Amino acid sequence: MRVTITSNVHEMSVQAAQMVRDEVRRKPNATLLLPTGGTPLGMYRELTRMHSQEGLTFAEVTTFNLDEYVGLPPGHPGSYRRYMEENFFRHIDIDPANTHVLDGTGSNLEKACLDYEQRIREAGGIDLAVLGIGHNGHVAFVEPPAAVRAWTHVAALARSTREANARFFHSLADVPRAALTVGLGTILGCRRVLLLASGIEKADAVTRAIEGPVHAMCPGSALQLHPDVTVIMDQAAASRLQLREH
Ligand code: F6R
């Protein structure tokens, strides 16, 4: 694991965007696995700036998203399809046909999960996955206890996850109780992984993920099993690290 500690969240976002930019320049038809939430917002802003000011093109890029709520149609303000459109896709030159977000409204969710894995395979696998981390150590919506050999599936959301995401809804009651999410197997199958964390409220989770034992109760700790992981976090998130060699 390569661990970079930045002086603030802005710097975390800029460095994350640079890593995505370098991947897309190296391989213009790269396939990315992308997160939503608060953590990557600055990275999407910086990538948008690189597109408009530096000519970074996403014309041949394919994206998949980590997860989507069950029951929210794509246009719903809380849906992750809507988040991606508003915070990233509509500001860049990506072909909408190359953007994939799980659909949590279908009648056969199990099949939607199998189809998603199939589409990832058909795209040639994921070149770079970008992840945030939840307070309870979740990555994507893989909640503890997590199975390492799991692919895209329907997941019940932990109460702490619903509480953390209530800020994107009118109230906690409006936050869906389930989501479709890629699994740890999907993530460990990606060629490279970038984990982002910012703020003191992530300090425990990220410390357990990168310095604790690999444990089902901290899904992010499975990243220790991956050969090519970069972690970029701000000083607040890094404040509880022992700073062992990674
Ligand atoms: C979002 C996702 C989640 C978030 C995590 C952190 O697509 O997969 O794992 O990355 O819940 O969320 P924020 O960044 O809002 O703190």
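Atoms within each ligand, like the ligands themselves, are counted from 1 in listed order. From a predicted model like this one, the values you see are computed outputs, not experimental measurements.
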Shortest protein contact, [atom] (heavy atom only):
atom	answer
atom 10 (O) of ligand 1	G132 CA, 3.4 Å
atom 5 (C) of ligand 1	H138 NE2, 3.4 Å
atom 14 (O) of ligand 1	T39 OG1, 2.4 Å
atom 1 (C) of ligand 1	T36 OG1, 3.2 Å
atom 6 (C) of ligand 1	I133 O, 3.3 Å
atom 8 (O) of ligand 1	D67 OD2, 2.6 Å

For ligand 1, is there an N or O atom under 3.5 Å from any N or O atom of [X]?
X	answer
P40	no
G38	yes
K202	yes
R167	yes

Could I get the full list of side-chain hydrogen bond (donor to acceptor under 3.5 Å, both in side chains) partners for S79, not counting sequence neighbours? none
How would you list all residue pairs meeting salt bridge (Lys or Arg N to Asp or Glu O under 4.0 Å) that involve residues 106-119, not counting sequence neighbours? K111-D115
Mark up the atoms of ligand 1 that fall under 4.0 Å of a heavy atom belonging to A140, in ascending order. 2 (C), 3 (C), 8 (O), 9 (O)
At less than 4.0 angstrom from any non-hydrogen atom of P35, what atoms of ligand 1 do you find? 7 (O)
State which residue, out of T63, V61, L34, L32, fulfils the side chain to side chain contact (heavy atoms under 4.5 Å, CB included) condition with T99. T63
I need the minimum non-hydrogen distance between T161 and E143, along with the two atoms involved. OG1-OE2, 2.6 Å
Judged by atom type as modelled, is there a donor-acceptor pair below 3.5 Å linking the side chain of D234 to the main-chain atoms of S7? no
So do N98 and E60 actually touch side chain to side chain, heavy atoms under 4.5 Å? no
Plane angle bin for H76 and F169 - parallel if under 30°, tilted between 30 and 60°, otherwise perpendicular: tilted
